[in-house]
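Values reported hereafter were calculated over all heavy atoms of this structure, with side chains retained and with hydrogens, waters and symmetry mates removed. No experiment lies behind these values; they were computed from the predicted model shown. Note that the numbering runs from 1 along the sequence shown for the chain.
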Amino acid sequence: FTSGTTGHPKGVVLAHQQLLRSYWDWSGIVGLHEHDRFLLTSPYAHGPGINGNLVASLMRRFASVVVDVFDAPTVLDLVLREGVTAMLGPANLYARLMAAAEAAGDGTDTPRLRLAILGMAAIPPELIARLRDEWQVGLICNAYGAIESTVVSMTRPDDPPELVERATGRALPDVELRVVDDAGNDVGPGEPGELLVRSFAVMQRYWDAPEATAEAVTPDGWFHSGDIVTRDTDGNVTIVDR
């Protein structure tokens, strides 16, 4: 279920194969593997929890370190004690953990993450710099998606830091993107417009809501994300507004 920006929950129908393929690609791009210990702060009722963690962990065989309630000092202690190597969350989550480590003040409360996946909100460039310099994070990834379309775009491991700071990367394999104006016409590189997505992973329908389904997905399969983005000449997507 997802409410998006409308506040009214809608059931999203996705087939197993759609989720397996999408999160196989997602976890492969960031290189999750059986030796990782992945911190999970999202509930299993939420997309990143059930798909980005539970489904992906079954395919890639990494361990999950589950957080019941987020309290920065407690979670920081858990990260250190359990040897967490990978995390997923909004920028504010990382900022609060870094503040907790700074408050500890003895220099020993610094995680050594291999992977930090960010998204779901704007990412301050200074936070990425701190993650690299102070926490020595090996790979920082920016990503974008929705329950209705699963994972849409991601930065890649060889992308420069300035791209990770400003963009959510390029489309996943076999994911088509369009950026259109209010009339449905495609706009040029760098021009803002609504992001449309078409792929194997776009939902089959909203549960028991044919009218909402018809509004969200065109007859030829394009999902209206409702998000305003720009796209550069290399295909990298930057979120502008909801």
Side-chain angles (χ1 to χ4, degrees), residues 4 22-33 36 38-42 46-49 51-53 56 60 62 84-98 111 113-179 189-190 192-197 199 201 225-242:
S22 185
Y23 283 93
W24 177 261
D25 290 343
W26 173 85
S27 58
I29 287 172
V30 294
L32 284 165
H33 55 68
D36 276 319
F38 193 107
L39 181 75
L40 176 63
T41 57
S42 297
H46 190 231
N51 300 323
N53 187 269
R60 297 293 183 181
F62 56 82
V84 167
T85 62
M87 288 173 52
L88 163 66
N92 187 47
L93 182 145
Y94 292 91
R96 290 173 64 184
L97 289 177
M98 296 192 83
L113 294 176
R114 182 188 70 79
L115 169 65
I117 308 172
L118 291 88
M120 298 171 262
I123 303 174
E126 59 270 19
L127 176 64
I128 289 183
R130 290 188 63 198
L131 286 170
R132 286 197 175 93
D133 298 340
E134 298 176 26
W135 279 17
Q136 301 175 19
V137 177
L139 173 61
I140 300 174
C141 176
N142 196 344
Y144 164 80
I147 299 297
E148 293 94 334
S149 56
T150 67
V151 188
V152 172
S153 65
M154 297 176 68
T155 57
R156 302 310 201 261
D158 57 351
D159 284 335
E162 57 270 20
L163 177 62
V164 179
E165 293 169 6
R166 69 169 177 82
T168 61
R170 301 179 296 285
L172 266 65
D174 296 324
V175 174
E176 297 177 80
L177 304 179
R178 293 176 61 199
V179 183
E194 183 187 7
L195 180 66
L196 273 57
V197 183
S199 78
S225 71
D227 291 329
I228 306 302
V229 309
T230 61
R231 190 166 50 154
D232 65 20
T233 54
D234 294 322
N236 293 292
V237 173
T238 297
I239 308 299
V240 176
D241 200 358
R242 296 302 298 270

ask   = Do you see a donor-acceptor pair shorter than 3.5 Å between the side chains of S27 and R60?
value = yes
message = Can you confirm whether M98 sits close enough to L127 that some side-chain heavy atom of one is under 4.5 Å from a side-chain heavy atom of the other?
response = yes
key: Nearest-0.5 Å distance, CG of residue N142 to OG1 of residue T155   = 5.5 Å
request  = Step by step, work out the side chain to side chain contact (heavy atoms under 4.5 Å, CB included) result for I117 and V30.
outcome  = CA-CA 8 Å; I117 308 172; V30 294; 4.2 Å; yes
note = Of all heavy-atom pairs linking G49 and S42, the shortest is N-CB, 3.9 Å
ask   = Is there a side-chain contact between L113 and V84, using heavy atoms and a 4.5 Å cut-off?
value = yes
message = Could you check whether any side-chain heavy atom of Y94 comes within less than 4.5 Å of a side-chain heavy atom of M87, counting everything from C-beta outward?
response = yes
remark   = Rounding to 0.5 Å, atoms CD (E176) and OG (S199) come to a distance of 8.5 Å
Intermediate values then yes/no, side chain to side chain contact (heavy atoms under 4.5 Å, CB included), F38 and L88 = CA-CA 8 Å; F38 193 107; L88 163 66; 3.6 Å; yes
query = Looking only at atom types and distance, does a side-chain atom of S225 sit under 3.5 Å from a main-chain N or O of L195, one as donor and one as acceptor?
reply = yes
query = How long is the gap from CG on N236 to CG on D159, to the nearest 0.5 Å?
reply = 6.0 Å
key: Expected output: side-chain T238 to main-chain R166 donor-acceptor under 3.5 Å   = yes
query = Just wondering, do P161 and R132 contact through their side chains at under 4.5 Å, heavy atoms?
reply = yes
ask   = Looking at G169 and S153, what are the two nearest heavy atoms and their distance?
value = O-CB, 3.6 Å
query = Can you tell me how far the NE2 atom of H46 sits from the CG atom of N53, to the nearest 0.5 Å?
reply = 13.0 Å
query = Quick one: does R170's side chain get under 4.5 Å of M154's, heavy atoms only?
reply = no
inquiry  = Less than 3.5 Å apart, any donor N or O on the side chain of D36 or T85 sitting next to an acceptor on the other?
reply    = yes
query = If you round to the nearest 0.5 Å, how far is CG of L93 from CG of L118?
reply = 9.0 Å
request  = Report yes if some heavy atom in the side chain of E165 is under 4.5 Å from a heavy atom in the side chain of E126; otherwise report no.
outcome  = no
ask   = If we only count heavy atoms from C-beta on, is the L32 to R114 side-chain gap below 4.5 Å?
value = yes
query = Between G47 and I147, which heavy-atom pair has the shortest distance, and what is it?
reply = CA-CD1, 3.6 Å
query = Within the side chain of E194, is there an N or O that forms a donor-acceptor pair under 3.5 Å with the backbone of G226?
reply = yes
request  = Using the side-chain contact (heavy atoms from CB on, under 4.5 Å) rule, pick out the option among I29, L177, T150 that qualifies with L172.
outcome  = I29
inquiry  = With side chain to side chain contact (heavy atoms under 4.5 Å, CB included) as the criterion, how do Y144 and V151 come out once you've worked through the C-alpha distance, each side chain's angles and the decisive distance to 0.1 Å?
reply    = CA-CA 6 Å; Y144 164 80; V151 188; over 6 Å; no
remark   = So CG of L97 and CH2 of W135: to nearest 0.5 Å the spacing works out to 5.0 Å
query = Is any side-chain heavy atom of T168 closer than 4.5 Å to a side-chain heavy atom of I239?
reply = yes
